[in-house]
Undergrad: 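Here it is, the structure, as structure tokens.
Protein chains get the first letters and strands the later ones, always in sequence-line order, with residue 1 at the start of each. Only a predicted model underlies this, so the values are computations on that prediction, with no experimental measurement involved.
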Amino acid sequence: MCPTITFPSLEAMSADIPAHRYDASRATEIELKWQQQWLDDGTYETANTGGILTGGNRPADPDAGKLFVMDMFPYPSGSGLHVGHPLGFIGTDVFARFKRMTGHHVLHTMGFDAFGLPAEEHARQTGQHPRENTEANVATYRRQLKRLGLGHDQRRSVSTTDVAFYRWTQWIFLQIFNSWYDDEKGKARPIAELEAAFADGSRPTPDGRPWAELSVTERRRLLNDHRLAYVDEAPVNWCPGLGTVLANEEVTVDGRSERGNHPVFRRPLKQWMMRITSYADRLLADLDRLDWTDAIKTMQRNWIGRSEGARIDFPVATGNAEGATGSKGAEGAEETITVFTTRPDTVFGATYMVLAPEHPLVDTLTADAWPEGTKDPWTGGAASPTEAVGAYRAAAAQKSDLDRQENKEKTGVFTGAFAVVPTTGAEIPVFIADYVLMGYGTGAIMAVPGQDERDWEFAEVFDLPIIRTVQPVEGFDGKAFTGEGPAINSGFLDGMDVGAAKRAIIDWLETEGFGHGTVNYKLRDWLFSRQRYWGEPFPIVFDADGEPQAVPESALPVELPELIDWAPRALDVDSAPEPPLGRAEAWTTVEMDLGEGPRTYHRELNTMPQWAGSCWYYLRYLDPTNENLVVDPEVEQYWMSDADGRVGGVDLYIGGVEHAVLHLLYSRFWHKVLFDLGHVSGPEPFQKLFNQGYIQAYAYQDARGIYVDAEEVEEHGGAFLHDGRPVTQSYGKMGKSLKNSVTPDDMYESYGADTLRLHEMFMGPLDQDRVWDTSAVVGSQRLLQRVWRNLVDEETGEVTVVDAPASDDLRRVLHRTIEQVRSDMDGLRFNTAIAKITELNNELTKAEGPTPREVAEPLVLMLAPLVPHIAEELWAMLGHDDTVVYTPFPEADPALLVDESIEMPVQVNGKVRTRITVDAEADDDAVQAAALGDARIAELVGDGEPRKVIVVPKKLVNIVL
RNA sequence: GCCCGGGUGGCGGAAUGGCAGACGCGGCGGAUUCAAAAUCCGCUGUCCGAAAGGGCGUGUGGGUUCGAAUCCCACCCCGGGCACCA
């Protein structure tokens with residue numbers, strides 16, 4: 001036998017690191033091992049209580065509370081995940097894991113929002129077909145998320161681009177299409193019920209003709225006018241840069257596309273709309289029932305923009321007819337201008353009217369010649385009203401939204417028409433001006449310069465009279481007065497306060513037939529079609545008359561045709577949008593029998609917007625394989641209802657604040673429609689919403705302003721150097737453009753996934769933005785190393801934990817830690833939970849001798865939600881053969897939370913001067929005596945009596961001299 | 001302009017009427033080491049002081065309170081949202 005010579009490994013020789021230290025390579029080994037184990041065991045598969053997906057885990061306790069924890073699903077861009085992306089994912093995962101350990105039945109999974117502009121734009125950049133591109137990106141995301149150790153039920157993961165998924169997106173579209181909003185009942189109803197009501201005469205047709213006398217096309221049009229999804233020719237946001245139209249919500253304040261920052265133009269176009277405005281009041285009212293932050297609720301409230309006021313009809317005094325005045329109402333006049341106002345009480349101060357340039361009445365009203373009394377500035381220098389109006393409208397149409405915003409000087413021209421103020425009979429001139437917007441209210445206003453700043457400005461420019469109808473407060477020296485005060489110059493309203501005057505004038509308007517109290521909303525109907533390839537096709541065909549008809553449910557899914565040439569064409573401003581699906585020639589027409597025998601129909605060539613899939617994906621998580629129903633009602637009820645009498649829905653939804661009015665509003669709307677139609681059990685999708693902060697990173701620019709690789713920058717005495725040259729520090733979103741990305745892969749290599757998870761949770765409160773600093777990550781790794789070292793011998797790899805009892809002090813620290821960690825985790829305060837765990841571990845480090853099992857095990861269990869892999873490993877090393885995932889979270893013994901004696905600070909005049917130790921049960925008098933008896937205090941108090949002594953039980957003593 | 005957040009050591013942050021700065025990063029000192037790394041121990045808001053101890057200190061100014069980072073008033077700065085919305 002040859003003598004064997006053993007060499008220490010190179011690594012051990014060079015680094016001289018103990019063989020069993022918890023370092024990056026050990027972490028990686030542990031992590032990959034447990035990830036495979038979890039997968040093999042189906043550890044994160046959650047059982048439904050009924051329906052199809054009954055396999056998987058569920059708590060033994062039949063009364064265990066359910067918990068549906070969700071992230072806003074990502075769109076898999078493929079341009080590289082950085083450490084900022086998974087912050088929220090880790091947050092939900094830690095919470096879900098904590099809740100599993102406290103006995104809850106937890107549903108947690110993740111899907112992919114893979115249709116829509118971002119995915120298509122990315123495909124465009126890579127030149128790949130969107131489907132290939134998307135599928136590759138989804139696969140990458142799945143791998144990256146798995147490497148993080150996220151406990152998702154993989155069986156429930158969906159992608160919006162799966163045919164099996166978008167089949168149901170189309171089905172929901174048909175539900176919406178086949179519904180109308182019954183204002184009396186305040187809910188959506190099947191369109192068939194409206195048809196029945198027309199047919200049996202219980203509901204008259206608009207023109208009064210019996211249903212039976214209407215032609216098929218007339219009936220169809222009438223019904224189509226009522227549907228919640230309808231085609232409308234309306235001014236839309238046309239974005240040639242993206243080759244598509246956009247929803248209002250997708251256009252930024254400066255009139256550019258939210259995606260890609262391309263200019264957006266208004267142009268009329270036939271498009272699909274969704275009647276979200278019917279739900280404005282409910283979307284607003286139900287916000288009160290949600291557990292969301294006020295910031296998000298406020299944004300939604302502002303977007304919905306409810307305001308109370310009145311509609312008032314102003315008869316038009318045309319040149320050839322006597323102006324209709326008096327008490328017979330506006331019906332007698334040839335034309336009336338209806339305005340919306342929040343201040344009907346100021347109608348006596350209306351001295352002119354303004355229509356939006358696009359207002360439909362403008363053509364009818366515009367006079368042939370300037371009437372008597374026309375002032376010079378009113379004409380815009382034109383020879384006739386027709387000419388002036390034409391020129392002004394042309395100029396207004398040229399203006400972009402940005403122009404309008406930047407230049408708020410008042411412009412306008414007189415139409416040559418006059419209207420009659422119903423309360424006074426006064427004739428006032430009618431103008432058009434672009435400060436009145438067609439998209440709000442009625443597109444027309446009564447101008448009351450005395451009480452409205454904009455009207456005052458206009459009145460000054462155009463030399464129009466100003467009548468105050470509210471008495472300004474003493475000392476008011478401004479122009480328009482918008483505050484509270486008694487009515488003046490207002491006939492029968494005089495002396496009333498604003499509220500009373502509003503009520504009185506509305507009564508009068510209603511009695512006299514000149515108007516009525518009403519509520520107005522800023523919210524517009526939702527533009528729902530896009531001229532893009534990568535989206536859900538509409539399950540709609542058009543008949544020979546061009547009326548849309550639903551594809552029967554049996555014909556779903558309407559599959560997206562494979563196209564070689566799918567890219568939108570580069571288009572100029574004046575070109576018409578051109579849906580790429582028009583290039584799938586064999587697909588565009590279809591032979592079908594929709595009840596009138598086989599006929600040829602044209603398919604809808606637009607696709608749905610990105611939001612379609614995200615509007616309802618959470619429902620599919622519940623029952624992802626159901627081929628007969630969008631979601632089994634029993635399963636839906638179980639996961640979406642709320643036992644605590646709250647509105648119900650997803651129990652915790654974490655995502656970015658950027659979806660405050662887009663996804664979160666659309667989704668609520670769809671959910672309410674599904675609720676009205678009986679497909680879901682509650683009116684709201686998301687009970688609790690939490691917005692995680694953003695991770696940003698430092699970026700560095702050299703003297704030329706060029707960004708340099710942040711990784712290569714070194715700090716020397718407060719100055720930053722790159723390649724020896726000084727650079728300036730700033731910070732912003734991580735990404736290629738700022739050259740400051742740090743990827744999870746970098747972190748896995750240096751520290752492992754558990755350290756990354758721990759660090760992201762430790763950086764600060766989950767809802768706060770924070771700046772990434774890679775050099776700080778080591779602190780989280782050190783914690784795990786110390787925990788490891790307190791339980792395991794680094795040299796031998798042997799567990800050092802002993803079964804001897806812990807000292808009383810250590811035991812108290814443990815139980816206090818358990819108590820605090822529980823409440824911190826429950827409140828998503830992971831940063832402070834980690835700090836408490838660190839303190840406990842520091843106690844172990846300090847203590848002489850090995851760690852007692854009664855501390856080691858709770859420590860591992862408390863860490864388990866945060867760092868599941870190392871926890872699982874240590875749990876196994878401690879001799880357990882079950883997973884930590886479902887092991888009960890430690891509970892504090894209340895008896896150990898109270899101390900026998902406590903230390904109390906003693907203040908003199910509010911400044912801490914000393915500390916005394918007193919019995920925890922000591923009463924206030926005893927504490928006071930002890931404080932006054934302290935030598936240092938006695939010295940400060942001196943001979944005199946303290947004026948007052950305040951004893952705050954168990955907190956402190958304050959002696960006032 | 002209006003509406004939300006926020007402002008605390010060199011840095012991330014903790015404390016929501018009761019000991020300001022928990023926990024971590026960074027820094028300084030020590031132990032260990034031939035040396036270094038790693039590890040462990042100690043110190044680390046600031047000023048005065050040898051020390052004991054004391055002064056000051058949570059954006060600014062005022063107020064309430066025995067006591068304020070925390071509550072109230074006014075203002076400044078930073079971030080976000082909305083904005084000719086009648």
Side-chain angles (χ1 to χ4, degrees), chain A residues 14-18 21 23 253 293-303 305-307 309 339-343 346 354 356 404-405 407-410 433-437 439-448 451-455 457-458 520-522 657-658 660-661 691 694 715 718 758-759 762-765 767-780 782-783 785-786 789 794 829 831-839 841-842 845-846 903-915 936 946-961:
Chain A
S14 60
D16 198 21
I17 283 172
R21 170 155 297 174
D23 59 9
V253 179
T293 62
D294 287 336
I296 300 283
K297 287 187 184 180
T298 305
M299 281 189 229
Q300 291 219 346
R301 285 192 189 107
N302 288 345
W303 191 262
R306 181 183 200 273
S307 47
V339 303
F340 171 75
T341 175
T342 55
R343 291 296 301 275
T346 65
V354 184
R404 276 197 176 195
Q405 248 171 57
N407 184 6
K408 291 188 176 174
E409 273 169 38
K410 297 291 174 287
D434 65 2
Y435 83 94
V436 172
L437 310 172
Y440 184 77
T442 61
I445 62 159
M446 64 174 199
V448 187
Q451 271 75 229
D452 185 285
E453 283 159 15
R454 296 151 302 180
D455 295 345
E457 277 177 43
F458 190 89
N520 192 62
Y521 296 93
K522 236 155 78 175
V657 69
E658 74 272 21
V661 287
N691 298 112
Y694 285 92
E715 194 194 336
L758 188 65
H759 182 68
F762 181 62
M763 284 170 80
D767 57 357
Q768 213 164 84
D769 292 348
R770 71 276 318 263
V771 180
W772 181 263
D773 176 13
T774 298
S775 70
V777 180
V778 70
S780 295
R782 287 208 271 250
L783 171 60
Q785 279 179 341
R786 286 173 191 156
R789 196 155 38 229
E794 284 194 327
R829 294 182 299 273
N831 55 327
T832 50
I834 294 166
K836 309 282 166 44
I837 294 172
T838 307
E839 282 181 80
N841 189 57
N842 287 348
T845 306
K846 254 181 255 171
E903 197 185 60
M904 287 173 76
V906 182
Q907 299 182 327
V908 175
N909 289 339
K911 288 192 186 299
V912 178
R913 296 303 177 183
T914 192
R915 275 158 239 278
R936 168 120 192 91
R947 276 203 288 153
K948 198 171 176 186
V949 178
I950 292 124
V951 177
V952 185
K954 298 187 180 180
K955 293 270 182 168
L956 57 50
V957 182
N958 189 15
I959 295 161
V960 188
L961 294 180

Undergrad: Under 4.0 angstrom, heavy atoms only, what part of the nucleic acid is N958(A) near: base, sugar-phosphate, or nothing?
TA: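 The residue N958(A) makes base contact.
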Undergrad: Could you give the CH2-to-C1' distance, from W772(A) to G12(B), as a whole number of Å?
TA: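 It works out to 12 Å between those atoms.
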Undergrad: Of the listed nucleotides (C84(B), C23(B), C3(B)), which one gets closest to any side-chain atom of T298(A)?
TA: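 Among C84(B), C23(B), C3(B), the one nearest the side chain of T298(A) is C3(B).
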Undergrad: Has R782(A) got a side-chain N or O lying under 4.0 Å from the OP1 or OP2 atom of G26(B)?
TA: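 Yes, because at least one side-chain N or O of R782(A) sits under 4.0 Å from OP1 or OP2 of G26(B).
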Undergrad: Using a cut-off of 4.0 Å on non-hydrogen atoms, how would the nucleic acid contact of E457(A) be classed: base, sugar-phosphate, or nothing?
TA: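 Nothing, no nucleic acid heavy atom in range.
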Undergrad: Can you name the nearest heavy-atom pair linking R770(A) to G764(A), along with the distance?
TA: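 It is NH2-O, 3.5 Å.
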Undergrad: Of the non-hydrogen atoms in K410(A) and R454(A), which two are nearest, and what is the gap between them?
TA: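 Closest approach of K410(A) to R454(A): CE-O, 3.6 Å.
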Undergrad: Return the minimal non-hydrogen interatomic distance between I445(A) and V339(A), and the atom names on each side.
TA: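 Shortest heavy-atom contact: C-CG1, 3.5 Å.
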Undergrad: Using a 4.0 Å heavy-atom cut-off across all strands, classify V771(A) as base, sugar-phosphate, or nothing.
TA: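 Nothing: the residue V771(A), judged by heavy atoms under 4.0 Å, touches no strand.
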Undergrad: Tell me whether G55(B) sits syn or anti, counting syn as a glycosidic angle within 90° of 0.
TA: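 G55(B): anti glycosidic orientation.
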Undergrad: Base, sugar-phosphate, or nothing: which does R829(A) touch, judged by heavy atoms less than 4.0 Å apart?
TA: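 It contacts nothing in the nucleic acid.
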Undergrad: Touch check for V912(A), heavy atoms < 4.0 angstrom, all strands: base, sugar-phosphate only, or nothing?
TA: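 Result for V912(A) = sugar-phosphate.
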Undergrad: Just to be sure I understand the rule, does K522(A) reach a base, reach only the sugar-phosphate, or reach nothing, if contact means heavy atoms closer than 4.0 Å?
TA: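 The residue K522(A) makes base contact.
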Undergrad: Rounded off to whole Å, could you give me the NE2-to-P distance for the H759(A) and C11(B) pair?
TA: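 Roughly 17 Å, once rounded to whole Å.
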Undergrad: Please determine whether a side-chain nitrogen or oxygen atom of N841(A) lies at a distance below 4.0 Å from atom OP1 or OP2 of C23(B).
TA: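 Checking N841(A) against C23(B): no side-chain N or O falls below 4.0 Å of OP1 or OP2.
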Undergrad: From the list G81(B), G18(B), C56(B), which nucleotide is the closest neighbour of the side chain of M299(A)?
TA: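 So the nucleotide nearest the side chain must be G81(B).
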Undergrad: Take the protein atom CG of D452(A) and the nucleotide atom C1' of G1(B), then report the distance between them rounded to whole Å.
TA: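 Atom-to-atom, D452(A) to G1(B), this comes out as 14 Å.
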Undergrad: Report the distance from atom OH of Y694(A) to atom P of G5(B), rounded to the nearest whole Å.
TA: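 For the pair Y694(A) OH and G5(B) P, the rounded distance is 18 Å.
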Undergrad: Across the strands shown, which category fits N909(A) at heavy-atom distances under 4.0 angstrom: base, sugar-phosphate, nothing?
TA: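 N909(A): no heavy atom of the nucleic acid under 4.0 Å.
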Undergrad: Determine the contact category for R936(A): base if any of its heavy atoms lies under 4.0 Å from a base atom, sugar-phosphate if only primed atoms, P, OP1 or OP2 are that close, otherwise nothing.
TA: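 Contact class for R936(A): sugar-phosphate only.
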Undergrad: Please report the closest heavy-atom contact between A356(A) and L437(A), naming both atoms and the distance.
TA: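 Result for this residue pair: CB-C, 4.0 Å.
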Undergrad: Could you tell me whether the phosphate oxygens of C66(B), OP1 or OP2, come under 4.0 Å of any side-chain nitrogen or oxygen in Q907(A)?
TA: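 So the side-chain polar atoms of Q907(A) never come under 4.0 Å of the phosphate oxygens OP1 or OP2 of C66(B).
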Undergrad: Below 4.0 angstrom from OP1 or OP2 of C40(B), is there any side-chain N or O of R789(A)?
TA: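 The answer is yes; a side-chain N or O of R789(A) sits under 4.0 Å from OP1 or OP2.
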Undergrad: Within the structure shown, what part of the strands sits under 4.0 Å from K911(A) by heavy-atom distance: base, sugar-phosphate, or nothing?
TA: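 Answer is sugar-phosphate: K911(A) comes under 4.0 Å of backbone atoms only.
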Undergrad: Looking at every strand, decide which applies to T845(A) at a 4.0 Å heavy-atom threshold: base, sugar-phosphate, or nothing.
TA: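 Sugar-phosphate, backbone atoms only, no base.
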Undergrad: In whole angstrom, what separates R454(A)'s CZ from G1(B)'s P?
TA: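 Taking CZ of R454(A) and P of G1(B), I get 17 Å after rounding.
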Undergrad: Mind checking whether Y435(A) and F458(A) have parallel, tilted or perpendicular rings, split at 30° and 60°?
TA: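 Plane angle between 30° and 60°, so tilted.
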Undergrad: Quick one: is K948(A) getting a side-chain N or O under 4.0 Å of the C66(B) phosphate, OP1 or OP2?
TA: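 Answer is yes, contact under 4.0 Å.
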Undergrad: Regarding R301(A), tell me which of base, sugar-phosphate or nothing describes its non-hydrogen contacts under 4.0 Å with the strands shown.
TA: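 Nothing, no nucleic acid heavy atom in range.
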Undergrad: Determine the contact category for A835(A): base if any of its heavy atoms lies under 4.0 Å from a base atom, sugar-phosphate if only primed atoms, P, OP1 or OP2 are that close, otherwise nothing.
TA: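 The residue A835(A) makes base contact.
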Undergrad: In whole angstroms, how far is the P atom of U39(B) from the CZ atom of R21(A)?
TA: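 Rounding to the nearest Å, CZ of R21(A) and P of U39(B) are 6 Å apart.
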Undergrad: Quick one: closest heavy-atom pair of M904(A) and K954(A), and the distance?
TA: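 Minimum heavy-atom contact is CE-N, 4.1 Å.
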Undergrad: Atom NZ of K846(A) to atom P of A31(B): distance rounded to whole Å?
TA: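 Computing the K846(A):NZ to A31(B):P distance gives 21 Å.
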Undergrad: State whether N302(A) places a side-chain N or O below 4.0 Å from either non-bridging phosphate oxygen (OP1 or OP2) of A83(B).
TA: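 No, N302(A) has no side-chain N/O under 4.0 Å of OP1/OP2 on A83(B).
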